[in-house]
2 protein chains.
Amino acid sequence: MTELDKTDRRILMELQLDGRVSNAELAQRLGLPPTSLSDRFKRLVRQGFITGFGARLDPHQLGYGLLVFVEVTLDKTTPDAFEMFAQAVRRAPEILECHMVGGGFDYLIKTRLADMNTYRRFLGEVLLAMPGVKETRTYAVIEEVKNDGPLPLML
Amino acid sequence: MTELDKTDRRILMELQLDGRVSNAELAQRLGLPPTSLSDRFKRLVRQGFITGFGARLDPHQLGYGLLVFVEVTLDKTTPDAFEMFAQAVRRAPEILECHMVGGGFDYLIKTRLADMNTYRRFLGEVLLAMPGVKETRTYAVIEEVKNDGPLPLML
DNA sequence: ACTGAAACGAGTCTTGG
DNA sequence: CCAAGACTCGTTTCAGT
């Protein structure tokens, strides 16, 4: 019973875009009775389609003027080395995303910092100090063309 | 008056993690009177620190089994070519993020798709069909170590 | 900035069609 | 799956300290 109909997907899309919309208003938008929407909503949370809600903050206004991606290569590619590195990553709040990838390097990291000076310190004191890090390549973002778009839910 | 005190930052952090918390409960968590929190909340929205709210969805449960990063190089690096490409990106819902970067390539793209077959079609029919695209390198994500962490707000 | 009170609106639960 | 009610709780606004 994890099949979604068109209405479910429309609910999910609306909630991605406006996570604080009231049950009553969303029901009206979709032409549903509020109780039906309430049922569907709770089901979507219970089944794990919705994992939570969050405020979107403006990084620049909060002093994070710099977005940087870093490609990281480890010196050993053993399961143990991966786990050590992953744990260090999870403890670093500056790291917003980190993914193990297949290809020319091992991890791709996304981080937001105040400026280049802050990044230099982060690179030297945090990232290069992590276990197993052999090589990094830094890509500073010049322009954010698209940022955190909604998951497409074919309606 | 765009300075944030410790209380403002705690509010923002709580709302990042739980965007649907009620005013009354958040006030209680932070030891504030509900009306004070309500005032601060509205001020944070009005000043642009909070840009919106959204539901977090589980990509895998929604059929997006594959996360891919793609490095894109354009054949011309003129302002006009950049703008053409950026517009095409904004029209492609599969592209969740796209950033212009400085370094060995021009754009870094983040996309979620069902599987490798879907990605092959996306690469051929969408990405390579975009204006000015000369070269792409694909990095499929093996493991999502950290995903969409909250912006760190030193409390 | 905090407090208190009152009016309004929304969510929840239950019953029923 | 939808409708209608009663009840509870949160929000909002107003006043005052």
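These numbers were taken from a predicted model, which means no experiment stands behind them. Just so it is clear: chains get the letters A, B, ... in the order the sequence lines come, proteins before strands, and each one is counted from 1.
Between the CD atom of B:Gln28 and the P atom of C:dC2 there is a distance of 16 Å, rounded to whole Å. Between the P atom of D:dC1 and the CG atom of A:Leu32 lies a distance of 9 Å, rounded to the nearest Å. Rounded to whole Å, the distance from CG on B:Leu37 to C1' on D:dT11 is 12 Å. Distance B:Leu30 CG to C:dA1 C1': 16 Å, rounded to the nearest Å. Nucleotide D:dC1 holds its P atom 8 Å from the CG atom of A:Asp8, rounded to whole Å. For B:Glu25 and D:dG10, the CD to P distance is 9 Å, given to the nearest whole Å. For the pair B:Asn23 CG and C:dC2 P, the computed distance is 13 Å after rounding to whole Å.
Put simply, the residue from A:Asp5, A:Leu153, A:Leu4, A:Leu44 that forms a side-chain contact (heavy atoms from CB on, under 4.5 Å) with A:Ile11 is A:Leu44.
Side chain to side chain, A:Thr118 and A:Asp115 meet the donor-acceptor criterion of an N or O pair below 3.5 Å. In this structure, a donor-acceptor pair under 3.5 Å is present between the side chains of A:Thr138 and A:Tyr119. Side-chain contact annotation: A:Thr73 with A:Tyr107, donor-acceptor N/O pair under 3.5 Å absent.
Closest approach to the A:Thr35 side chain among C:dG4, D:dA3, D:dT11 is made by D:dA3 (side chain taken as heavy atoms from C-beta onward). The side chain of B:Arg40 lies closest to C:dA1 when the candidates are C:dT3, C:dG11, C:dA1. Closest contact between the side chain of A:Ala24 and the listed nucleotides C:dG11, D:dT13, C:dC13 involves C:dG11. The listed nucleotides are D:dG10, C:dG11, C:dT3; the one nearest the side chain of A:Ser22 is C:dG11. Here the side chain of B:Lys42 is nearest to one of C:dC2, C:dG11, D:dT13, namely D:dT13.
Of the two residues near DNA chain D, A:Asp39 and B:Pro34, the one whose nearest nucleotide lies more 5' is A:Asp39. Each of A:Arg20 and A:Gly31 was assigned the nucleotide of DNA chain D with the nearest heavy atom; the assignment lying further toward the 5' end belongs to A:Gly31.
Contact annotation: B:Ser36 reaches the phosphate of C:dC2 (side-chain N/O to OP1 or OP2, under 4.0 Å). At least one side-chain nitrogen or oxygen of A:Ser38 sits closer than 4.0 Å to the OP1 or OP2 atom of C:dT12.
Figure legend: cation-pi geometry between B:Arg20 and A:Phe53, with NZ or CZ positioned under 6.0 Å from the six-membered ring centre and within 45° of its axis.
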